[in-house]
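Remarks on the structure that follows.
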Protein chains: 2
Amino acid sequence: MQLKNQVEWALHCCSILAGLPDGRYLDTKSLAQLHGVPKEYLSKALQALAKAGLVLSTLGPSGGYRLARAASGITFWDVVSAIEGPGPAFVCTEIRRNNPCRPKSTCDAKACIVARVMWEAEDAWREKLRGMTIAKLVDQVVEEVPADLMEATAVWVGERS
Amino acid sequence: MQLKNQVEWALHCCSILAGLPDGRYLDTKSLAQLHGVPKEYLSKALQALAKAGLVLSTLGPSGGYRLARAASGITFWDVVSAIEGPGPAFVCTEIRRNNPCRPKSTCDAKACIVARVMWEAEDAWREKLRGMTIAKLVDQVVEEVPADLMEATAVWVGERS
DNA sequence: TCCTTATGGACATATAATATCCTTAAAGGA
DNA sequence: TCCTTTAAGGATATTATATGTCCATAAGGA
Ligand code: FES
Ligand code: FES
């Protein structure tokens, strides 16, 4: 069980897009170069973000992507669920119904206890992700990443947006 | 991203093994029939549990599996990590190092913030799973599953253990 | 008109999940 | 001792998913 590598890409892209000058767009090519990932495949991830309403896109020269709303309004869960899908990681195939001792009449009012526990644990995970926004991420990045690298990246992005 | 179906199988098997008469073993064939899953593949899951020290096995007639310790000492996380491996679901491929603006000298004292957040969320998930034991599961099952089905299953298992 | 870009579909490849088969060795019973 | 039962584990097959590439199309800007 492993998350797609696109999740890492998408979160890093959002953090870059959050620093974009107002109204500007950054294109897929630049985002791909910046992170050293294949442009065509990254494009799929960005399309997923667009479909989820997290980013806006525009065509033509000076086109590309930007965040669809304030970075403080986009959570990690928004991004992760856009890439991975919102469904649960644990899927119950109702094996309890296969018990040969089970009378046909048995009705399953509630979901299986095993499934409920697994889903509760996932909820805790989701809740943590919902508690973290791209804005908070950027704050942390500013705090931890060397100033010269931040500055150089900002310039590099500025030239291309 | 999805957990293996063996996770569901393994947890249900543990709940059955927890109800086994003292010192008895239940074989793979019975566990497979009880849950309606392929015996050979379920066997791999049980082997994983054995390797993790959660169950004991014995050969020959009247052989099979039983829990290696009290059901109260086996958590959901024990089972999940035995099947899925203990590694994180989010894997960081250090794409931050691919930034073309980055000086060679840059050192990464701490893990990337994105990764740290993702791993923190996973910790919350793990913690929930660690808080639930097979014993608690059995308690819940006894409470929720119809008495006649519980009884019939106990008899069925008793005949085969 | 021409260039740039996102979109989306088709396609190819790699990896992981799911499943089956078969051989081996150990345990127990006759 | 011989035979049956069973777990262990390796080999293999099948399917699904992840990863990655390619191309045709439409739209925006110069
Ligand atoms: S039947 Fe699916 S988790 Fe119990
Ligand atoms: S470099 Fe891997 S999560 Fe940031």
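In what follows, every chain begins at residue 1, and chains take the letters A, B, ... in the order their sequences are listed. If you're wondering where the values come from, they're calculated on a predicted model, not measured in any experiment.
Protein atom CG of Leu17(B) is 11 Å distant from nucleotide atom P of dA7(D), rounded to whole Å. One can place NZ of Lys29(A) at 16 Å from P of dT21(D), the figure rounded to the nearest angstrom. Here the C1' atom of nucleotide dT17(D) and the CD atom of Gln6(A) are 12 Å apart, to the nearest Å. The CG-C1' distance, from Leu42(B) to dT6(D), rounds to 14 Å in whole Å. If you take OH of Tyr41(B) and P of dT14(D), they are 16 Å apart, rounded to a whole angstrom. Nucleotide dT20(C) holds its C1' atom 12 Å from the NZ atom of Lys39(B), rounded to whole Å. Taking atom CD of Glu40(B) as the reference point, atom C1' of dA11(D) lies 13 Å away to the nearest angstrom. Distance Tyr65(A) OH to dT5(C) C1': 9 Å, rounded to the nearest Å.
Open room surrounds CZ on Arg24(B); 12 or fewer heavy atoms of other groups in view lie less than 6.0 Å from it.
Residues Glu84(A) and Lys4(A) are not paired through a salt bridge, judged by the lack of any N-O separation under 4.0 Å between the basic side chain and the carboxylate.
Within the 4.0 angstrom heavy-atom criterion, only backbone atoms of the sugar-phosphate kind lie near Thr58(B); the bases stay farther away.
Nearest-nucleotide positions on DNA chain D for Ser62(A) and Gln2(A) put Gln2(A) closer to the 5' end. Between Trp9(B) and Gly64(A), the residue whose closest nucleotide on DNA chain C is further toward the 5' end is Gly64(A).
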